[in-house]
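Quick notes on the structure that follows.
Below, chain A is the first sequence line, B the second, and so on; all start at residue 1.
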Amino acid sequence: MEFFIILLSTVLVNNFVLVQFLGLCPFMGVSNKLETAIGMSAATTFVLTLASICSYMVHAWILTPLGLTYLKTISFILVIAAVVQFAKMFIEKTSPLLYRVLGVFLPLITTNCAVLGVALQNTNKAHNFFESAVYGFGAAVGFSLVLILFSAMRERLAVADVPSPFKGAAIGMITAGLMALAFMGFAGLV
Amino acid sequence: MSLMRPSSPHTHSASSISSTSSVMRTVVLATLPGLIALTHFFGVGSILNLLLAIIFCLGFETLALKLRKKPVLFYLGDYSALVTAILLALAVPPYAPWWLIATGSFFAIVVAKHLYGGLGFNPFNPAMVGYVVLLISFPVEMTQWRIPAIEGLGYLPLLDSLNAIFAGAHLDGFTSATPLDAIKHNQGLTVEDLYATHSAFQSAKIAGTGWEWVNIGFLVGGLYLLYQKVFTWHAPVGMLAALFILPVFFYDGGSSASAGSPFFHLFSGATMLGAFFIITDPVTSATSTLGRLIYGAAIGALVFIIRVWGNYPDAVAFAVLLMNFAAPFIDYYTVPRTYGHERAQSALRKEDEH
């Protein structure tokens, strides 16, 4: 039940993209095509869950015993970069097509603030091992959900008769804003 | 010899219900029973709302069309702005200050519709965008519903109504909790006791004073639209079925923690207005029949979840926006089987082929 509440909270109520506004760069950058968005979602889910677990382990088993918690931000970035590198090699071997499609956005998962955000929030909320894993996974599912839905919508926006000042990223931002409004409806569920 | 190959939809004749303007006129007509019920129970406020909304919506529509250098009269003639105005006016509480309607109209017409390229391109239902913006920005004004005019309590005099709308006079003692509020903040009463004691349920048969009749009004209007084949049954049936089946599991015979009976959920708040007038919008809903069934059912489920466990007493607007957001994705996976193919082909695969 506790895990269910964490999942519900991260996927809907405190959605990382639409409520906490983390991870907006891939959200705007990779949402032009549904297929790419699905690939990016899978990669981000992989990285987020793994990075959340690894950074928990680093924090709980290395930094805290040594009294080095002030190094947590920099060590989390290091952990995330390593996990992303691992995911990159994994995708390059298993799906060269996806690897080429994702292009620069794959290494850019390193700088996805949602990944670092999850790791830092785990320590702030004093999550244990399993809670950290579920929190990271839930954040990734929430990110994937809105990214995939948004990309399906953006394919439609691409052919809409949008006034020229609002074409492209501008109308994407406005749409994201309206979606954030809709997600306010989930407030209070948890 | 060159053959013309017009693509669907094929217009049969100007007089039948097929052109945008005649569909919109039928929708306007079908809102009448609900509007009459609203006016009967809450006084002239709904009609004043309506007049204000029509003025502001048509005004913003004209302005937006002028800015976009489109023919104004041609686009005003499709009555879509009028329908948006009516839906927004019906959703906003009567006797709301005028600037509430003005702000809502701006977001509905300019942001939700014209920034996306006008009618046919808007991914979100314009009236619901306007409503949600207002509900989040001005929660106090947007939840002040007047006590239904029964039990000897007369209507608000016209002068007082105008005062409330234009001069911001407070209507203290004239507002009360809606039935959905009452059941949400129910403290320790069984449903039966709540119905017996709370003012929102005085002389109510199913779902709260006045509100059940408002919903019946919209149900009648909706059935008329269905009869006129303005929309298919899939989305409304999906939504109402979900909103009927889910409360069955959580009704628990009417204890103090009960979520309300299935009929309560069907006939309170904006259920019927949403089911027949808002989620049936052909632009913002899913396209195929299966898609519409899924779309409607998901809206019904979201409405129930937010009503029972969320912060907001009613959730039709939020549920509609959330599913508007998901509609293009639903379309991707509910592509109908085309004639000559064994199975439906997913839209994703088609894209790969060329």
Side-chain angles (χ1 to χ4, degrees), chain A residues 4-5 8-9 11-13 15 17-19 31-39 41 97-98 101 144-168 170-190, chain B residues 64 67-70 107 110-112 114-126 128-129 131-137 184 283-284 302-303 305-312 314-333 346-349 351-352:
Chain A
F4 173 73
I5 287 177
L8 190 70
S9 156
V11 176
L12 298 178
V13 183
N15 187 291
V17 179
L18 292 182
V19 181
S31 55
N32 288 322
K33 276 198 72 182
L34 182 60
E35 269 182 301
T36 338
I38 292 175
S41 300
L97 179 68
L98 182 64
V101 170
S144 309
L145 177 80
V146 294
L147 179 64
I148 290 173
L149 295 184
F150 187 54
S151 66
M153 177 165 275
R154 271 192 99 175
E155 290 191 2
R156 212 172 268 194
L157 291 184
V159 293
D161 178 25
V162 178
S164 44
F166 293 98
K167 273 204 163 66
I171 198 71
M173 285 299 214
I174 291 168
T175 313
L178 292 180
M179 277 160 28
L181 274 183
F183 264 68
M184 296 276 287
F186 288 121
L189 276 187
V190 172
Chain B
L67 286 177
R68 295 179 61 214
K69 300 188 177 62
K70 303 268 178 188
F107 275 94
V110 179
V111 176
H114 279 289
L115 286 195
Y116 287 96
L119 183 67
F121 293 119
N122 50 318
F124 298 103
N125 187 308
M128 290 301 101
V129 169
Y131 182 81
V132 165
V133 167
L134 293 181
L135 184 60
I136 289 174
S137 316
K184 191 176 199 82
V283 179
T284 57
L302 282 171
V303 168
I305 291 170
I306 298 176
R307 267 186 190 174
V308 176
W309 294 289
N311 277 349
Y312 292 94
D314 204 356
V316 173
F318 286 115
V320 167
L321 286 194
L322 286 168
M323 289 314 291
N324 284 167
F325 172 29
F329 183 71
I330 296 176
D331 279 345
Y332 251 106
Y333 289 96
S346 90
L348 268 181
R349 268 199 47 215
E351 202 138 313
D352 286 343

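When the candidates Phe107(B), Tyr116(B), Tyr312(B) are compared by the number of heavy-atom contacts under 4.5 Å with chain A, Tyr116(B) comes out ahead. For the options Ala327(B), Ala112(B), Gly117(B), heavy-atom pairs under 4.5 Å to chain A are most numerous at Gly117(B). Of the listed residues (Leu135(B), Ile136(B), Val132(B)), the greatest number of heavy-atom pairs within a distance under 4.5 Å of chain A belongs to Ile136(B). For the set Phe121(B), Phe329(B), Trp309(B), Phe325(B), the entry with the most heavy-atom pairs within less than 4.5 Å of chain A is Phe325(B).
Using a 4.5 Å cut-off between heavy atoms, Thr175(A) contacts chain B through both its backbone and its side chain. No part of Leu8(A) comes within reach of chain B, as not one of its non-hydrogen atoms sits under 4.5 angstrom from that chain. Both the backbone and the side chain of Ile305(B) come within contact range of chain A, each with at least one heavy atom under 4.5 Å from a heavy atom of that chain. With a 4.5 angstrom heavy-atom cutoff, Val146(A) touches chain B via backbone and side-chain atoms both.
Residues of residues 314-322 of chain B placed with any heavy atom under 4.5 Å of a heavy atom in chain A are listed by number as Phe318(B), Leu321(B), Leu322(B).
Annotation: the span from Leu149(A) atom CG to Asn324(B) atom CG amounts to 12.0 Å, rounded to 0.5 Å. The distance from atom CG of Leu157(A) to atom CG of Leu115(B), rounded to the nearest 0.5 Å, is 11.5 Å. Put simply, CG on Asn311(B) and CE on Met184(A) are 9.5 Å apart, with the number rounded to the nearest 0.5 Å.
Side-chain contact check for Phe166(A) versus His114(B): every heavy-atom pair is 4.5 Å or farther apart.
Among all heavy-atom pairs drawn from Pro328(B) and Arg156(A), the shortest one is CA-NH2, 3.7 Å.
Contacts of Lys70(B) classified as salt bridge (charged side-chain N to carboxylate O under 4.0 Å, His left out), with partners at least two apart in sequence or in another chain: Asp161(A).
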